[in-house]
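A short write-up of the structure that comes next.
Nothing here was measured: the structure is a model prediction, and the numbers come from that model. Chain identifiers are assigned alphabetically (A, B, ...) following the order of the sequence lines, protein sequences preceding nucleic acid strands; residue numbering begins at 1 within each chain.
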There are 2 protein chains.
Amino acid sequence: MDSKIFNLKAKLEVYKAMTNGANFADCPVRDVIQGISGKWSSLLVMALAEKPYRFGELRRLVPDISQRMLTQTLHDLQRDGYVHREVFPTKPPSVEYSLTDLGRSMFLPLQQLVQWAELNHDAVRDARAAFDTAQG
Amino acid sequence: MDSKIFNLKAKLEVYKAMTNGANFADCPVRDVIQGISGKWSSLLVMALAEKPYRFGELRRLVPDISQRMLTQTLHDLQRDGYVHREVFPTKPPSVEYSLTDLGRSMFLPLQQLVQWAELNHDAVRDARAAFDTAQG
DNA sequence: ATCGGTGGTCTCAAAAAGAGACCAGCGCTA
DNA sequence: TAGCGCTGGTCTCTTTTTGAGACCACCGAT
């Protein structure tokens with residue numbers, strides 16, 4: 001935090017990778033970020049970071065997700081390598097979802113963002129209220 | 001809208017995992033996260049972290065955003081206090097967008113995620129390819 | 001025999017996003 | 001002086017994404 005040089009240096013590297021020279025289109029970083037920036041993706045990763053969950057458990061854990069979007073988001077997370085899906089031959093069959101090593105490694109920076117949100121949600125709420133008041 | 005994602009039973013455990021032990025009565029984290037996890041939000045914050053940009057510059061920087069979504073996303077980011085909007089009385093009037101202190105402070109953890117994406121986009125790409133091959 | 005819990009899929013409606021026309025005002029050029 | 005383009009938007013229409021909820025087969029317990 002106290003090192004401006006570190007921040008600047010890191011930023012430059014990031015932009016080199018991000019901007020692909022000229023603009024933000026067709027950049028791999030953006031492709032990855034968008035894969036985890038969906039409405040439910042980060043939420044499910046956060047839940048699975050605690051421990052593996054079964055489909056129905058996740059559904060109860062996140063009550064306002066539709067079954068359809070739960071299926072779809074887990075499928076996308078599995079496709080990108082963040083989540084492992086394992087079917088157990090119980091009767092009826094149960095399905096367990098867990099984070100892969102890649103998923104756990106991604107959760108580390110994601111957690112930083114979550115902690116920022118925790119620390120600054122008051123500022124965001126205040127900004128919203130001020131903006132809405134000013135705009136009418 | 002109620003920002004409590006998790007039901008009461010699971011709340012304590014999950015929050016413990018999410019926040020390294022800190023607890024809170026309400027759950028604004030999700031509200032804040034969703035405000036910056038839209039398709040274009042993080043991208044625009046990343047762009048503005050470099051330097052302030054005018055509307056048209058942003059539109060050229062992110063060629064595949066529609067003018068409509070650019071307006072709307074910038075408006076939302078301004079409302080949440082991440083972005084400052086300033087109109088200059090040139091002819092025709094020009095509008096400059098820049099990060100606020102809040103926006104810059106949010107960019108620090110966001111940058112961590114971007115750096116992770118930079119380091120791991122190959123792994124994600126490989127996972128996708130493997131998954132698509134396996135599924136046919 | 002019926003009920004509930006398993007992890008889904010299917011359909012239809014609603015919401016969100018994309019595409020592109022349009023706008024007023026001014027400077028530049030032909 | 002008549003057009004043309006650049007400014008930052010908005011408005012409308014179409015397409016994509018999401019939400020709500022019905023349905024499914026299976027089995028064990030009631």
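Screening residues 78-93 of chain B for salt bridge (Lys or Arg N to Asp or Glu O under 4.0 Å), with sequence neighbours left out, gives A:Arg128-B:Asp80, A:Asp132-B:Arg79.
Nucleotide C:dT6 holds its P atom 13 Å from the CG atom of A:Leu70, rounded to whole Å. For A:Phe88 and D:dC27, the CZ to P distance is 20 Å, given to the nearest whole Å. In this entry the distance linking CD of A:Gln34 with C1' of C:dA17 reads 13 Å, nearest Å. Separating the NZ atom of A:Lys91 from the P atom of C:dG7 is a distance of 17 Å, rounded to the nearest angstrom. What separates CE of B:Met69 from C1' of D:dT16 is a distance of 13 Å, to the nearest Å. Between the P atom of C:dG20 and the CD1 atom of B:Ile65 lies a distance of 16 Å, rounded to the nearest Å.
Side-chain contact between A:Val114 and A:Met46 is present, with heavy atoms from C-beta onward closer than 4.5 Å. With contacts defined as side-chain heavy-atom distances shorter than 4.5 Å, the pair A:Leu58/A:Leu70 qualifies.
For the pair A:Gln34 (side chain) and B:Lys39 (backbone), a donor-acceptor distance under 3.5 Å is present.
At a threshold of 4.5 Å between side-chain heavy atoms, the hydrophobic network of Ile, Leu, Val, Met, Phe, Trp and Tyr places A:Tyr53 and A:Val87 in one connected group.
Ring geometry for B:Phe131 against A:His75 counts as perpendicular: the plane angle is over 60°, on a 0 to 90° scale with 30° as the lower cut.
Evaluation of the salt bridge (charged side-chain N to carboxylate O under 4.0 Å, His left out) rule for B:Asp101 yields B:Arg104 as partners, not counting sequence neighbours. Applying the side-chain contact (heavy atoms from CB on, under 4.5 Å) rule to B:Ser41 yields the partners B:Thr73, B:Leu77; only residues at least two apart in sequence or on another chain are considered. Scored by the salt bridge (charged side-chain N to carboxylate O under 4.0 Å, His left out) test, B:Arg125 finds B:Asp122 as partners (sequence neighbours excluded).
Proximity of B:Lys39 to the phosphate of D:dT17: no side-chain N or O atom is located under 4.0 Å from OP1 or OP2. Remark: B:Trp40 is in phosphate contact with C:dG18, judged by side-chain N or O atoms under 4.0 Å from OP1 or OP2.
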Task: Letter per nucleotide, 5' to 3', of nucleotides 7-15 of chain D [B base touched, S only sugar-phosphate touched, - untouched; heavy atoms, 4.0 Å] - done: BBBB-B---

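Between its two ends, the helix from C:dA1-D:dT30 to C:dA30-D:dT1 turns its axis by 20°, counting five pairs per end and rounding to 10 degrees.
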